[in-house]
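The analysis underlying the following values was restricted to heavy atoms, covering all of them including side chains, and did not include hydrogens, waters or symmetry mates. Quick caveat: nothing in here was measured; it's all calculated off a predicted structure.
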Amino acid sequence: MRPFMKFCFALFFFWVGWLDFIGAFHTTSAWTWKPQRQSSLSFHIPQGWSRLKRPHTIMMGQRGKRIKKEIKREREAEVPPRINTPYGPIRFNRPLSTCDACQGRGIVRCNVCDGRAITRATGHRKRNSFDADRVVGSHWTSVEIREGHRHYVCTESKGSRKKKNFQVRMSNSCGPEETKVHLWITEDEIRDKASWRMGWVTLEEIRMADSGPLIDAKICFRCKGERVLKCIECDGKGKLGYHQRIYDVGQ
(Lines give C-alpha, C1' and ligand atoms only; values in the text may rest on other atoms or scores of the structure.)
Protein backbone atom coordinates (compact mmCIF):
# COMPACT_ATOMS: atom_id res chain seq x y z
CA MET A 1 0.00 0.00 0.00
CA ARG A 2 2.85 2.41 0.81
CA PRO A 3 4.50 2.25 -2.65
CA PHE A 4 1.13 2.97 -4.26
CA MET A 5 0.60 5.99 -1.98
CA LYS A 6 4.09 7.28 -2.76
CA PHE A 7 3.37 6.94 -6.47
CA CYS A 8 0.09 8.90 -6.08
CA PHE A 9 1.81 11.70 -4.14
CA ALA A 10 4.60 11.88 -6.71
CA LEU A 11 2.08 12.03 -9.55
CA PHE A 12 0.13 14.80 -7.79
CA PHE A 13 3.22 16.97 -7.18
CA PHE A 14 4.36 16.41 -10.78
CA TRP A 15 0.94 17.61 -11.98
CA VAL A 16 1.11 20.73 -9.80
CA GLY A 17 4.64 21.50 -10.94
CA TRP A 18 3.64 21.10 -14.58
CA LEU A 19 0.75 23.53 -14.12
CA ASP A 20 3.06 26.12 -12.54
CA PHE A 21 5.59 25.65 -15.35
CA ILE A 22 2.99 26.10 -18.09
CA GLY A 23 1.28 29.00 -16.29
CA ALA A 24 4.57 30.91 -16.07
CA PHE A 25 4.53 31.41 -19.86
CA HIS A 26 0.90 32.60 -19.99
CA THR A 27 0.29 34.64 -16.87
CA THR A 28 2.01 35.92 -13.79
CA SER A 29 -0.80 34.87 -11.45
CA ALA A 30 -0.62 31.47 -9.77
CA TRP A 31 -3.43 29.10 -8.99
CA THR A 32 -5.39 30.25 -5.96
CA TRP A 33 -7.84 28.03 -4.14
CA LYS A 34 -10.76 29.78 -2.50
CA PRO A 35 -12.84 27.73 -0.03
CA GLN A 36 -16.49 28.65 0.16
CA ARG A 37 -19.05 27.95 2.88
CA GLN A 38 -19.72 24.31 3.74
CA SER A 39 -19.35 22.00 0.73
CA SER A 40 -18.49 24.52 -2.00
CA LEU A 41 -14.93 24.83 -3.26
CA SER A 42 -13.99 27.19 -6.08
CA PHE A 43 -10.66 27.87 -7.69
CA HIS A 44 -9.62 30.59 -10.12
CA ILE A 45 -7.93 29.48 -13.32
CA PRO A 46 -5.23 31.72 -14.82
CA GLN A 47 -6.56 34.10 -17.44
CA GLY A 48 -3.82 33.22 -19.92
CA TRP A 49 -5.47 29.96 -20.82
CA SER A 50 -7.55 30.31 -23.96
CA ARG A 51 -9.98 27.46 -23.31
CA LEU A 52 -10.50 28.15 -19.60
CA LYS A 53 -10.83 31.90 -19.30
CA ARG A 54 -13.84 32.01 -17.00
CA PRO A 55 -13.55 31.02 -13.31
CA HIS A 56 -14.88 27.53 -12.66
CA THR A 57 -16.66 26.46 -9.48
CA ILE A 58 -16.73 22.95 -8.06
CA MET A 59 -19.69 22.37 -5.75
CA MET A 60 -19.86 19.19 -3.71
CA GLY A 61 -22.26 17.67 -1.23
CA GLN A 62 -25.98 18.21 -0.77
CA ARG A 63 -25.59 21.99 -0.73
CA GLY A 64 -23.70 21.92 -4.03
CA LYS A 65 -26.41 19.80 -5.65
CA ARG A 66 -29.09 22.21 -4.48
CA ILE A 67 -27.19 25.21 -5.86
CA LYS A 68 -26.73 23.45 -9.20
CA LYS A 69 -30.47 22.83 -9.42
CA GLU A 70 -31.20 26.48 -8.60
CA ILE A 71 -28.77 27.69 -11.27
CA LYS A 72 -30.31 25.35 -13.85
CA ARG A 73 -33.81 26.50 -12.93
CA GLU A 74 -32.81 30.15 -13.27
CA ARG A 75 -31.29 29.57 -16.70
CA GLU A 76 -34.50 27.97 -17.92
CA ALA A 77 -36.65 30.81 -16.57
CA GLU A 78 -37.94 33.52 -18.87
CA VAL A 79 -36.15 36.83 -19.20
CA PRO A 80 -37.86 39.49 -17.04
CA PRO A 81 -39.55 42.26 -19.03
CA ARG A 82 -37.67 45.45 -19.87
CA ILE A 83 -39.15 48.56 -18.26
CA ASN A 84 -38.30 52.07 -19.40
CA THR A 85 -37.91 54.65 -16.63
CA PRO A 86 -36.76 58.31 -16.64
CA TYR A 87 -33.42 57.06 -15.33
CA GLY A 88 -33.01 54.42 -18.02
CA PRO A 89 -34.28 50.93 -18.77
CA ILE A 90 -34.35 48.41 -15.91
CA ARG A 91 -35.32 44.80 -15.35
CA PHE A 92 -36.91 43.73 -12.07
CA ASN A 93 -35.62 40.59 -10.41
CA ARG A 94 -37.51 38.48 -7.95
CA PRO A 95 -37.45 39.53 -4.27
CA LEU A 96 -35.43 37.64 -1.68
CA SER A 97 -36.89 34.37 -0.43
CA THR A 98 -37.25 33.21 3.18
CA CYS A 99 -34.54 30.86 4.40
CA ASP A 100 -35.94 27.35 4.90
CA ALA A 101 -33.30 26.38 7.46
CA CYS A 102 -34.15 29.09 9.99
CA GLN A 103 -37.66 30.05 8.72
CA GLY A 104 -36.57 33.68 8.39
CA ARG A 105 -35.40 34.03 11.99
CA GLY A 106 -31.67 34.05 11.21
CA ILE A 107 -30.91 31.60 14.06
CA VAL A 108 -31.12 27.83 14.37
CA ARG A 109 -31.03 25.41 17.29
CA CYS A 110 -27.55 24.32 18.38
CA ASN A 111 -26.71 20.97 16.82
CA VAL A 112 -24.27 19.97 19.60
CA CYS A 113 -26.47 20.31 22.68
CA ASP A 114 -29.76 20.12 20.74
CA GLY A 115 -30.93 23.37 22.30
CA ARG A 116 -30.34 22.25 25.91
CA ALA A 117 -27.36 24.63 26.49
CA ILE A 118 -25.44 21.84 28.31
CA THR A 119 -23.62 18.67 27.33
CA ARG A 120 -22.26 15.68 29.22
CA ALA A 121 -19.01 16.47 31.02
CA THR A 122 -17.77 12.89 30.60
CA GLY A 123 -18.32 12.81 26.84
CA HIS A 124 -20.62 10.70 24.69
CA ARG A 125 -19.11 7.33 25.58
CA LYS A 126 -21.34 5.15 27.71
CA ARG A 127 -18.48 3.68 29.78
CA ASN A 128 -14.99 4.68 30.90
CA SER A 129 -12.14 3.26 28.86
CA PHE A 130 -8.74 2.34 30.27
CA ASP A 131 -5.70 0.25 29.39
CA ALA A 132 -5.00 -2.55 31.86
CA ASP A 133 -1.26 -2.37 31.16
CA ARG A 134 -1.05 1.37 31.95
CA VAL A 135 -3.82 1.80 34.51
CA VAL A 136 -1.35 1.91 37.42
CA GLY A 137 -0.55 5.55 38.18
CA SER A 138 -3.69 6.94 36.52
CA HIS A 139 -5.92 9.48 38.27
CA TRP A 140 -9.60 8.87 39.02
CA THR A 141 -12.42 10.76 40.70
CA SER A 142 -15.17 9.11 42.69
CA VAL A 143 -18.65 10.41 41.89
CA GLU A 144 -19.73 9.79 45.49
CA ILE A 145 -17.58 10.64 48.50
CA ARG A 146 -15.72 7.48 49.55
CA GLU A 147 -14.10 7.43 52.99
CA GLY A 148 -14.08 11.25 52.96
CA HIS A 149 -12.21 11.59 49.66
CA ARG A 150 -12.98 11.98 45.96
CA HIS A 151 -9.57 12.07 44.25
CA TYR A 152 -7.84 8.69 43.99
CA VAL A 153 -4.77 7.23 42.31
CA CYS A 154 -4.52 3.69 40.98
CA THR A 155 -1.53 2.14 42.78
CA GLU A 156 -1.84 -1.58 42.02
CA SER A 157 -3.68 -4.09 39.84
CA LYS A 158 -4.25 -7.81 40.03
CA GLY A 159 -6.12 -10.53 38.20
CA SER A 160 -6.76 -10.95 34.48
CA ARG A 161 -9.33 -9.41 32.18
CA LYS A 162 -9.69 -12.70 30.30
CA LYS A 163 -10.64 -14.52 33.49
CA LYS A 164 -12.91 -11.60 34.46
CA ASN A 165 -11.27 -11.15 37.87
CA PHE A 166 -9.31 -7.97 37.14
CA GLN A 167 -9.18 -5.49 40.03
CA VAL A 168 -7.35 -2.25 40.77
CA ARG A 169 -6.43 -0.68 44.09
CA MET A 170 -7.44 2.94 44.55
CA SER A 171 -5.60 5.11 47.08
CA ASN A 172 -6.54 8.64 48.06
CA SER A 173 -4.19 11.28 46.68
CA CYS A 174 -3.74 13.46 49.77
CA GLY A 175 -2.59 12.81 53.31
CA PRO A 176 0.29 10.84 54.81
CA GLU A 177 0.97 7.25 53.80
CA GLU A 178 -0.08 5.88 57.20
CA THR A 179 -3.61 7.30 56.97
CA LYS A 180 -4.29 6.64 53.28
CA VAL A 181 -7.42 4.76 52.25
CA HIS A 182 -7.06 1.78 49.91
CA LEU A 183 -10.04 0.42 47.97
CA TRP A 184 -10.14 -2.58 45.65
CA ILE A 185 -12.39 -1.85 42.65
CA THR A 186 -13.55 -4.30 40.00
CA GLU A 187 -13.32 -3.62 36.28
CA ASP A 188 -17.07 -3.21 35.81
CA GLU A 189 -17.27 -0.69 38.64
CA ILE A 190 -14.38 1.47 37.42
CA ARG A 191 -15.81 1.56 33.90
CA ASP A 192 -19.17 2.73 35.22
CA LYS A 193 -19.50 6.49 34.77
CA ALA A 194 -22.06 6.67 37.54
CA SER A 195 -19.33 5.58 40.02
CA TRP A 196 -15.99 6.84 38.69
CA ARG A 197 -14.65 9.51 36.36
CA MET A 198 -11.40 9.52 34.46
CA GLY A 199 -8.93 12.13 35.77
CA TRP A 200 -9.40 14.62 38.58
CA VAL A 201 -12.27 17.08 38.42
CA THR A 202 -11.84 20.69 39.52
CA LEU A 203 -12.75 22.09 42.92
CA GLU A 204 -15.50 24.14 41.29
CA GLU A 205 -17.30 20.97 40.18
CA ILE A 206 -16.88 19.48 43.65
CA ARG A 207 -18.38 22.59 45.26
CA MET A 208 -21.31 22.46 42.82
CA ALA A 209 -21.99 18.88 43.93
CA ASP A 210 -22.37 20.11 47.55
CA SER A 211 -21.28 16.81 49.19
CA GLY A 212 -23.53 14.88 46.80
CA PRO A 213 -22.88 13.07 43.51
CA LEU A 214 -21.00 14.98 40.82
CA ILE A 215 -23.12 16.63 38.15
CA ASP A 216 -22.38 15.19 34.72
CA ALA A 217 -23.03 18.41 32.79
CA LYS A 218 -21.13 21.39 31.41
CA ILE A 219 -21.87 24.44 29.27
CA CYS A 220 -22.04 23.68 25.56
CA PHE A 221 -18.82 24.72 23.85
CA ARG A 222 -20.58 25.56 20.58
CA CYS A 223 -23.40 27.87 21.60
CA LYS A 224 -21.87 28.93 24.97
CA GLY A 225 -25.18 28.26 26.69
CA GLU A 226 -27.21 30.42 24.28
CA ARG A 227 -29.09 27.36 22.87
CA VAL A 228 -29.10 28.85 19.34
CA LEU A 229 -26.57 29.57 16.58
CA LYS A 230 -26.45 31.92 13.64
CA CYS A 231 -27.84 30.31 10.50
CA ILE A 232 -25.01 29.58 8.08
CA GLU A 233 -27.31 29.24 5.09
CA CYS A 234 -28.44 32.89 5.15
CA ASP A 235 -25.60 34.24 7.34
CA GLY A 236 -28.10 35.25 10.00
CA LYS A 237 -30.14 37.48 7.67
CA GLY A 238 -33.19 35.25 7.31
CA LYS A 239 -33.38 35.88 3.56
CA LEU A 240 -31.84 34.11 0.60
CA GLY A 241 -31.11 35.49 -2.84
CA TYR A 242 -31.60 33.62 -6.07
CA HIS A 243 -28.87 32.59 -8.45
CA GLN A 244 -30.32 34.89 -11.09
CA ARG A 245 -28.57 35.72 -14.31
CA ILE A 246 -27.53 39.30 -14.99
CA TYR A 247 -29.30 40.57 -18.10
CA ASP A 248 -28.30 43.52 -20.24
CA VAL A 249 -31.05 46.11 -19.82
CA GLY A 250 -30.10 47.78 -23.07
CA GLN A 251 -31.24 44.83 -25.13
Side-chain angles (χ1 to χ4, degrees), residues 33-42 58-70 96-132 134-135 137-146 149-154 168 170 173 185-243:
W33 291 78
K34 180 183 178 183
Q36 303 291 341
R37 293 186 305 168
Q38 287 187 345
S39 60
S40 174
L41 184 67
S42 62
I58 298 178
M59 288 171 285
M60 300 172 290
Q62 297 296 329
R63 183 171 180 270
K65 293 180 180 179
R66 187 179 70 251
I67 293 177
K68 288 180 180 178
K69 291 182 180 178
E70 292 179 2
L96 300 178
S97 63
T98 304
C99 179
D100 295 332
C102 63
Q103 301 299 326
R105 293 187 296 266
I107 55 176
V108 293
R109 185 171 56 182
C110 179
N111 58 343
V112 175
C113 64
D114 200 19
R116 292 188 292 265
I118 57 174
T119 57
R120 296 185 61 178
T122 56
H124 297 287
R125 289 185 177 181
K126 295 182 179 180
R127 305 182 68 186
N128 295 321
S129 61
F130 72 98
D131 189 355
R134 295 183 294 181
V135 69
S138 58
H139 298 171
W140 296 84
T141 301
S142 176
V143 175
E144 298 280 354
I145 298 178
R146 297 172 184 257
H149 301 280
R150 286 188 186 270
H151 291 169
Y152 285 85
V153 180
C154 181
V168 295
M170 293 291 185
S173 59
I185 309 298
T186 61
E187 179 184 359
D188 293 337
E189 186 179 356
I190 196 174
R191 296 192 66 184
D192 185 13
K193 285 188 175 182
S195 302
W196 293 91
R197 284 196 190 181
M198 301 174 61
W200 288 346
V201 300
T202 60
L203 292 177
E204 182 181 357
E205 295 182 75
I206 295 177
R207 294 192 187 99
M208 290 175 59
D210 194 17
S211 300
L214 296 176
I215 302 173
D216 189 9
K218 65 178 181 179
I219 301 298
C220 178
F221 68 92
R222 186 76 182 275
C223 64
K224 310 301 181 184
E226 296 294 335
R227 301 174 183 266
V228 294
L229 297 171
K230 183 176 70 172
C231 180
I232 60 176
E233 292 292 335
C234 61
D235 198 18
K237 299 177 181 177
K239 298 290 183 180
L240 287 176
Y242 296 93
H243 296 273

Visitor: Once side chain to side chain contact (heavy atoms under 4.5 Å, CB included) is applied, do any residues pair with Asp131, and if so which ones, sequence neighbours excluded?
Guide: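 Checked Asp131 against side chain to side chain contact (heavy atoms under 4.5 Å, CB included); matches are Asp133, Arg134.
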
Visitor: If the condition is side chain to side chain donor-acceptor pair (under 3.5 Å), which residues does Lys230 pass it with, not counting sequence neighbours?
Guide: Asp235

Visitor: Pairs in or reaching into residues 203-224: which pass ring-ring contact (aromatic ring centres under 6.0 Å, His included), with residues at least two apart or in two chains?
Guide: none

Visitor: Return the minimal non-hydrogen interatomic distance between Ala117 and Arg227, and the atom names on each side.
Guide: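 Scanning both residues completely, I find the closest heavy atoms to be CB-CG, 3.7 Å.
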
Visitor: Ala101: what forms a side chain to side chain contact (heavy atoms under 4.5 Å, CB included) with it, not counting sequence neighbours?
Guide: Cys99, Cys231, Glu233

Visitor: Tell me every residue that passes side chain to side chain donor-acceptor pair (under 3.5 Å) with Arg116, counting only those two or more places apart in sequence or in another chain.
Guide: none

Visitor: Kindly give the heavy-atom pair with the smallest separation between Val135 and Ser138, and that separation in Å.
Guide: O-OG, 2.5 Å

Visitor: Could you walk me through whether Met170 and Val153 pass the side chain to side chain contact (heavy atoms under 4.5 Å, CB included) check?
Guide: CA-CA 6 Å; Met170 293 291 185; Val153 180; over 6 Å; no

Visitor: Please name all residues satisfying salt bridge (charged side-chain N to carboxylate O under 4.0 Å, His left out) with Arg127, sequence neighbours left out, ordered by chain then number.
Guide: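 Arg127 satisfies salt bridge (charged side-chain N to carboxylate O under 4.0 Å, His left out) with Asp188 once adjacent residues are dropped.
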
Visitor: Nearest 0.5 Å, please: how far is CH2 in Trp196 from CG in Asn128?
Guide: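 One gets 10.5 Å once the value is rounded to the nearest 0.5 Å.
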
Visitor: Is the shortest heavy-atom distance from the side chain of Thr119 to the side chain of Cys220 under 4.5 Å?
Guide: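 The answer is yes, as the side chains (C-beta and beyond) meet within the 4.5 Å cut-off.
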
Visitor: What's the separation between atom CZ in Arg125 and atom CZ in Arg120, rounded to the nearest 0.5 Å?
Guide: 12.0 Å

Visitor: Could you check whether atom NZ of Lys193 has more than 12 heavy atoms from other residues, nucleotides or ligands sitting under 6.0 Å from it?
Guide: yes

Visitor: Ignoring hydrogens and angles, write down the donor-acceptor pairs under 3.5 Å from the side chains of residues 200-209, residues two or more places apart or on other chains.
Guide:
residue	atom	partner	partner atom	Å
Trp200	NE1	Trp140	O	3.4
Trp200	NE1	Tyr152	O	3.1
Thr202	OG1	Glu205	OE2	3.4
Glu205	OE1	Arg197	NH1	3.3

Visitor: Who pairs with Glu189 by salt bridge (charged side-chain N to carboxylate O under 4.0 Å, His left out), at least two apart in sequence or on another chain?
Guide: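 Testing Glu189 for salt bridge (charged side-chain N to carboxylate O under 4.0 Å, His left out), a comparison that skips the adjacent residues, returns Arg146.
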
Visitor: Report the distance from atom CD1 of Ile185 to atom CZ of Arg191, rounding to the nearest 0.5 Å.
Guide: 15.5 Å

Visitor: Would you give me the side-chain donor-acceptor pairs under 3.5 Å for residues 103-113, sequence neighbours excluded?
Guide:
residue	atom	partner	partner atom	Å
Gln103	NE2	Asp100	O	3.0
Arg109	NE	Asp114	OD1	3.3
Asn111	OD1	Arg222	NH1	3.2

Visitor: Taking all heavy atoms of Val168 and all of Cys154, pick out the closest pair and write down the distance.
Guide: CB-SG, 3.7 Å

Visitor: Kindly compute the distance separating OG1 (Thr122) from CG (Asp216), expressed to the nearest 0.5 Å.
Guide: 3.5 Å

Visitor: In chain order, what residues pass the side chain to side chain contact (heavy atoms under 4.5 Å, CB included) check against Ala217, with sequence neighbours excluded?
Guide: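 By the side chain to side chain contact (heavy atoms under 4.5 Å, CB included) rule, Ala217 matches Ile118, Ile215.
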
